[in-house]
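Written below as structure tokens is the structure these notes are about.
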Protein chains: 2
Amino acid sequence: MSQTVDRALSILPLLAQGPADLGRVADRLGVHKSTALRLLRTLHEHGLVYRQQDNRYRLGARLFALAQEAVENLDMREIAHSHLVALNGQCGHTVHLAVYEDGEVLYIDKVESRYPVRMYSRIGKPVAITVAAVAKLLLADLPEAERRALAERLDYPMYTPRSSPNAAAFLKELATVREQGWATDLGGHEESINCVGAPIRGADGRVVAAMSVSAPNVVVTAEELLTLLPLVRRTADAISGEYSGNTPPSKDAS
Amino acid sequence: MSQTVDRALSILPLLAQGPADLGRVADRLGVHKSTALRLLRTLHEHGLVYRQQDNRYRLGARLFALAQEAVENLDMREIAHSHLVALNGQCGHTVHLAVYEDGEVLYIDKVESRYPVRMYSRIGKPVAITVAAVAKLLLADLPEAERRALAERLDYPMYTPRSSPNAAAFLKELATVREQGWATDLGGHEESINCVGAPIRGADGRVVAAMSVSAPNVVVTAEELLTLLPLVRRTADAISGEYSGNTPPSKDAS
DNA sequence: AATGGCCATTGCATGTAGTGCAACGAGATC
DNA sequence: GATCTCGTTGCACTACATGCAATGGCCATT
């Protein structure tokens, strides 16, 4: 691992908390100001940080552009999107698509509810991993050892009384999810919001993504939402099929 | 400037074009494979790149998270958002908020149209800088020298017959915009889409952001859209006022 | 099964390039 | 106008990144 790069990259999460001046960055990094200056300059040239008029640094524009390009290049998202839109067209609720990556679950696509009451979530935002239906689906399929290790090191915030309280309960829930092949979040994240989700599988049967439909109590009850399960599963299976059928990962135009 | 960090960061735009394996990355960087490996590992540890099962690398999750945190920490966005929502409530069309940064103009907030026909745009996406109303507003206020220099090095893609064809025409357009204090894009980016925008100014009168209302021809004609100009300007001025009134970041007790 | 080729990985010797120091300068404060 | 703070620069030193060559795993070919 490269020390210099490591230091430079450590600046990014630091600036994510808010703008900081040179001295502050140097302190947090534990390096001399001149060193911090050179790192910041390099980050600046690549557009990852921006220097405002008061000489403080904050995260820069290219970060957004990179994130955009990244999400748009995901095969899964491309394949799934039209299916998600179709599902939204049928039920009208918010539809999410998520993937697992290095201990995090994050949304990679979203179709907004057609109802006025909308959920707060954003593409790229890490998911509440211990309660979200899509997170359960993705984690349930991890290899035993990795799943246990991850569950142990997670935090279990009690968003509501129905949140998973600890690793043991969570692992049990994951076992259930793996058995039944679908998952719910009934008010485990926000009191009034329910979700029902299904896994998307690759050609080898491994879960590569997960999708869910979410709606607040005030629009449909949990029972009504559950009646959508077959539809959600069909949609997920359709995406799985298309994803497995077309396996053109060698799509290089160099 | 740090060579090592420079190389590492050069990997990111490279991977933005699509996944690449170690050899490919090393080639593109012009370094030995072992060097590329160490850089990739460092990026990986910070979550900026992800290593897929086939050993190819692509951009990673934390990139999204960083971009999210960055956009949510922008004062301008926070202040403006409620105004944008209110404006959308009154006219129903898509509302955009954009800022200029190092030669790029990018959207930092967006309120979706309530009509079924929606524009394609995303928060964080770079704006078509030679045609968008918000881009004209932001560039029109740049210092003379910087404006000229930027105009000269831009590309002028002819999205439609009404796109700015070259630097001279663009600079002339910017002069008009600066004079009148508002801007339009009448089918300069996509044939059927019109925009009308107004600048948001800081306490010193400099343009710090720009906003616009966009709607396709099929919903309202360009003439009808222009009748919204006073409303757009009022909204922009209201945001300017609030932004100038509250100056919390500038005055800090030591 | 055995072989050959491809690619990721590792340990190490070399010298390049990143580091901290100290001095300088600009801007603000009193 | 004096003093303090903070960003900036040039430089000597050596820590650290680099490329090489060798190893090992994986896959395809025979």
Interatomic distance, B:L39 CG vs C:dT9 P [rounded to whole Å]: 14 Å
Could you check how far CZ of B:R56 sits from C1' of C:dC6, rounded to whole Å? 16 Å
Whole-Å distance separating the CE atom of A:M1 from the C1' atom of D:dA15: 15 Å
C:dA8 P sits how many Å from B:H44 NE2, rounded? 15 Å
Ignoring backbone atoms, establish whether A:R51 has a side-chain N or O less than 4.0 Å from OP1 or OP2 of D:dT8. yes
Say you draw a straight line from OG of B:S212 to CG of B:L84; how long is it, rounded to the nearest 0.5 Å? 9.5 Å
Is there a side-chain polar atom (N or O) of B:T35 under 4.0 Å from OP1 or OP2 of D:dA17? no
Name every residue in residues 25-34 of chain A that has at least one heavy atom under 4.0 Å from any atom of DNA chain C, in order of residue number, or write none if there are no such residues. A:V31, A:H32, A:S34
Whole-Å distance, A:R38 CZ to C:dC21 P, equals 13 Å
What is the minimum heavy-atom distance between A:L9 and B:H46, and which atoms define it? CB-ND1, 3.5 Å
N/O (side chain, B:R24) to phosphate O (OP1/OP2, C:dC6) under 4.0 Å: no
Quick one: pull up OG in A:S34 and CG in A:L39 and give me the separation to the nearest 0.5 Å. 9.5 Å
Given C:dA8, D:dG7, C:dG18, the nucleotide with the shortest approach to the side chain of A:L22: D:dG7
Specify the closest pair of heavy atoms between B:D155 and B:T130, including all atoms of both residues, with the distance to one decimal. O-CG2, 3.2 Å
Is it true that B:E152 and B:R148 have a side-chain N and a carboxylate O under 4.0 angstrom from each other? no
Counting only heavy atoms and a strict 4.0 angstrom limit, can you tell me which residues of residues 3-18 of chain A come near DNA chain D? A:Q3, A:T4
For B:Y57 and C:dC7, give me the distance from atom OH to atom C1', rounded to whole Å. 11 Å
CG-CE distance between B:L97 and B:M76, expressed to the nearest 0.5 angstrom: 7.0 Å
Kindly say if B:R41 contacts the phosphate of C:dT10, meaning a side-chain N or O under 4.0 Å from OP1 or OP2. yes
Whole Å only: how far is the CG atom of B:L37 from the C1' atom of D:dA17? 13 Å
Output yes when A:E45 and A:R41 qualify as a salt bridge under the 4.0 Å nitrogen-oxygen rule, no when they do not. no
Separation between NE2 of A:H81 and CG of A:D109, rounded to the nearest 0.5 Å: 5.5 Å
Distance (rounded to the nearest 0.5 Å) between B:R51 CZ and A:D102 CG: 11.0 Å
